[in-house]
Amino acid sequence: MKLLLSTIREFEYDQKSLINELSESELKNKVAVCLIHPETYNKIASRSGVNLKLTTNFGSVVLRPVWDESIPLDMVYVNKSIWSNQVTGVIEGRIQLKNIEVDVEPSEDSVLDISDLLNTLKELKG
Amino acid sequence: MKEFEKFVCPGCSLYCDDIKLIFSDKNELLETYGLCLKGYKKVSELFSQNRIKKPLIRKNGELQEVSYEEAFDRVNELLKSSKKPFLYGFVNTTCEAQIKGIELARKINGYIESNASYCHGQTYLNAIETGFYFTTLTECVNKGDTFIFWGSNAADSHPKFLTKTIFSRGKFRITGREIKTLILVDPRKTATYGAAGVRDLYIPLQPGKDLELIRFIKDFMNGDKSQIPSDGFVGIDKEDLNRLIMNLQDAENGVVLFGQGVINSDPQGAVIRALIELVDLVNKQLKRGRFSIIPMTGHNMNGFVQVALSLVGKTQQIEFSNDNLVDNNENFVSKVKKGDFDLSIIVASDPISNLPVTLSSELSKKPLISVDCFHTPTTRIADVVLPAAISGLEAGGLVYRMENVPMNLQKILEPSEKLLSDEQILQKIISNVEG
C-alpha cells in the first residue's frame, strides 16, 4: 500500500535516551516500530502482530507496527533511529525526513538487530 | 547529603532553572523537585550502565580499552595523516567546547559544522537575510496571549514549555490559561493537543502543505484573496481557517513556535522563510501588539550559532585553510555524501543513529574519532572513542536557551573515572597538534 512516511522524534520511542537504560533487544522492541492508524493497518495485514516492510526510494526496513489513532490514515510515522535511517535519504544535498513516498506491506521477516545494522557499516571500514 | 537549589536542567533547550536535586554523600540521587520526565532521565544518565568509562581504540577490528594518553596519541597520528578532516556535532555540549571545536578546526585546516546545519541552522540562515521578530520566554509568560505551535510537539520535545508559558500567570496576563489561546498546526493530534481547551484551535494541515497554507493566509491578509473556499483549504475547515486568520490579526502578543515539522517538511527552507514573511506581514497589519517567532531548537544548538557567528561570522559551512576561513558552498551533508573528507571527529553527537544510511555508510568508511559520554552506534563503529563527562552534570559551562538567552550549566558532581570534559578533551587534542 502506498503511504507517506514521516520521521518524528517522540520521547516514548527515543533511541538517544532509551539506549542508556535498555538492553539491545529491549531497545529494538521499543524503538524499531512504525506508528500506524489501525484502519490503515487492517487494510495492509489480515491479522494483528504482523511486521511491516517499508520500502522507499532510499531503501527498506522491517518494523513492528504500533497502532495509534492519531496518525493520519494515509501516513506512517517512524521515530528517528538507526532503523528509520534505512528508509530516509538525501536529495540535492538535503536530508529528506518528511512526507516520503513509501510502500508498506506485511512481512514475515524479523526486525533486524542493531548489531546487524552496525555490522553492515563495520564491513565498509578499510 | 548534598542539595543543589536552582539547578539548571540540561535535558532540553528550555534549560529549566527551577530544579532542586538532593544526593546522598555517596552520590546516590535521593530526591528531585521540578524535573520533567525528560529531565529526570537526563539526570539518571549519571548512573547509566551504558557510560563509557575508559578510552577505546580499534585494534584488529575490535575496540579495546586504553589510557587517555594512548588514545590521544592515536588521535594525533590520525590527524597528522589527514588532509581533509571534519568536525561535526557540538549540540549536546557547552559553548566552551564549541569554541575549542572551532579552534581545533582552524589548527588542522578542517571543516566544522553542528547538527544545526540540517535542523534550525536553516532558520538562522534565513534570518541573516530577512531578520525576524524574536521574543523571550519571559515575554511569553508576561504578555503572550496567542501561541501557535506549527509542526512542533512541544509537550514531547520541551515538556515544561506549556507549563511555563500557557499555564502560567504573567505580569500582564494574571488570569493565565483562561485568556491564552493555543493553536496547533499539525497533520496529527500530538501530545500538545492534549493541552488544548475549548477556546483553542487545531488545524489539521495536510502533510507537506505548509507552504500553500502560509501563502494563502498571506494573500488573504494582503487582500489578494477575499474568500476562503467553502470546502476549506488543504484539509482545513473554512471556519477553522477563518479563526486562525482572526487570531493572527487580533492577538495582542502572539508567538509562532515551530519545530521539526516545518524544518523537515521542506529541506530547502522555503517554509521557514514563508513563515518569517507571514509574521512580518502580520506585524505590519497589527494595530496593537506584535507577533514573534521562537524556533524550538534542540539542546545547545543556539550556542553553536552564537559561538560560530562571533568567531567566524557564519553559522555553518565553516572551513579553514592555512589558518584562514575559506569560502565553501558545500554543506556537511553534501561533503559526506561525496566522501569529501578523510577523517571525522564527532563530538557529543550520534550521526550513525541520526543520518540516512547513505551518509552513515560514508562516515563508516573513513577513520572516525568519537567524543561521547555513552556507547552509541557511532562509538561502536569509531576507531577512537574518547569518553567525556556529562555536560550540565559533571562539567559546567555556558549554553544558550531556545530563545538565545545565555544560561550557565553547573558541575554538580565529579565525573566518575576522572573523565575529562568535552572542552578539556578538545584542548588536549589542540595541544598535541601544536606539539
Side-chain angles (χ1 to χ4, degrees), chain A residues 3-23 27 31 35 37 56 58-59 61 68-72 74-75 77 80-100 114-115 117-126, chain B residues 37-38 41-42 44-45 48-51 58 61 92 118 151 153 156-157 159 187-191 193 204 206-208 260-261 263-269 298 330-331 333-334 336-337 350 352-368 374-377 380-381 383:
Chain A
L3 299 173
L4 286 179
L5 177 148
S6 276
T7 60
I8 50 169
R9 177 152 261 162
E10 208 150 273
F11 192 53
E12 186 181 351
Y13 307 103
D14 187 26
Q15 179 186 313
K16 181 173 175 285
S17 123
L18 293 170
I19 201 167
N20 292 328
E21 52 190 72
L22 299 179
S23 69
L27 185 77
V31 177
L35 306 183
H37 195 287
T56 69
F58 306 115
V61 68
D68 185 330
E69 293 190 352
S70 74
I71 305 297
D74 54 353
M75 295 195 74
Y77 279 47
K80 267 181 90 174
S81 69
I82 194 164
W83 288 276
S84 74
N85 295 339
Q86 312 301 312
V87 285
T88 57
V90 177
I91 295 177
E92 294 176 5
R94 305 282 181 176
I95 297 175
Q96 310 294 311
L97 297 169
K98 297 272 184 202
N99 309 323
I100 302 167
I114 205 164
S115 303
L117 295 168
L118 286 174
N119 284 339
T120 313
L121 295 177
K122 281 181 194 166
E123 284 166 11
L124 298 170
K125 283 202 160 296
Chain B
L37 180 60
K38 202 167 192 175
K41 283 200 173 188
K42 182 71 191 176
S44 303
E45 285 179 355
S48 169
Q49 297 297 310
N50 194 37
R51 284 298 294 274
R58 190 169 296 281
N92 213 345
Y118 70 94
N153 183 6
D156 204 272
S157 61
R188 178 187 177 203
K189 286 180 179 172
T190 60
Y193 178 78
Q206 285 172 359
Q260 300 293 315
I263 292 163
N264 295 329
S265 66
D266 173 36
Q268 305 296 333
E330 298 281 351
N331 62 19
V333 174
S334 59
V336 174
K337 192 161 187 219
D350 179 16
I352 300 299
S353 294
N354 292 315
L355 298 176
V357 71
T358 179
L359 299 179
S360 49
S361 303
E362 290 299 327
L363 282 175
S364 308
K365 288 176 188 170
K366 314 276 172 72
L368 191 154
F374 305 99
H375 293 284
T376 67
R380 285 171 66 175
I381 64 136
D383 297 277

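Quick note: numbers below take in every heavy atom, side chains included, and nothing from hydrogens, waters or symmetry partners. Chain letters run A, B, ... following the sequence lines, proteins first, then strands; residues in each count from 1. Given the structure is predicted, the values throughout are model-derived calculations rather than measurements.
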Could you tell me whether a side-chain N or O of [X] sits under 3.5 Å from a main-chain N or O of [Y], the two making a donor and an acceptor?
X	Y	result
A:S84	A:T7	no
B:E362	B:T358	no
B:N50	B:H375	yes
B:D350	B:T376	no
A:N20	B:E45	no

Heavy-atom distances under 4.5 Å only: say whether [X] touches chain B with side chain, backbone, both or neither.
X	value
A:L117	neither
A:L4	side chain
A:D68	side chain
A:S115	both
A:L18	side chain
A:L35	side chain

Which of the residues [options] is involved in the greatest number of heavy-atom pairs with chain B at under 4.5 angstrom?
options	value
A:M75, A:E10, A:R9, A:Q15	A:E10
A:I82, A:I8, A:V87	A:I82
A:D14, A:L118, A:I114, A:I71	A:L118

Charged tip of A:K80 within 45° of A:Y13 ring normal and under 6.0 Å
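Geometry flag: not set, cation outside 6.0 Å or 45°.
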Among [options], single out the residue with the greatest number of heavy-atom pairs under 4.5 Å to chain A.
options	value
B:A191, B:S48, B:S44, B:P207	B:P207
B:G208, B:P187, B:P377, B:P159	B:P377
B:T190, B:L37, B:N153	B:L37

What closest approach, in Å, do [X] and [Y] show between heavy atoms, and which atom pair accounts for it?
X	Y	result
A:F58	A:V90	CE2-N, 3.8 Å
A:S17	B:K41	OG-CD, 3.6 Å
B:S360	B:I352	CB-CD1, 3.5 Å

Residue [X] versus chain A: region with a heavy atom under 4.5 Å:
X	value
B:D156	both
B:R58	side chain
B:N354	both
B:K38	both
B:S361	both
B:L359	side chain

Say whether B:S334 and B:N331, considering side chains only, have a donor N or O and an acceptor N or O under 3.5 Å apart.
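Checked: B:S334/B:N331 side chains pair up, N/O donor to acceptor below 3.5 Å.
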Will you find, in the side chains of A:Q96 and A:T88, an N or O donor that is under 3.5 Å from an N or O acceptor?
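No pair is found: no donor N or O on one side chain lies under 3.5 Å from an acceptor on the other.
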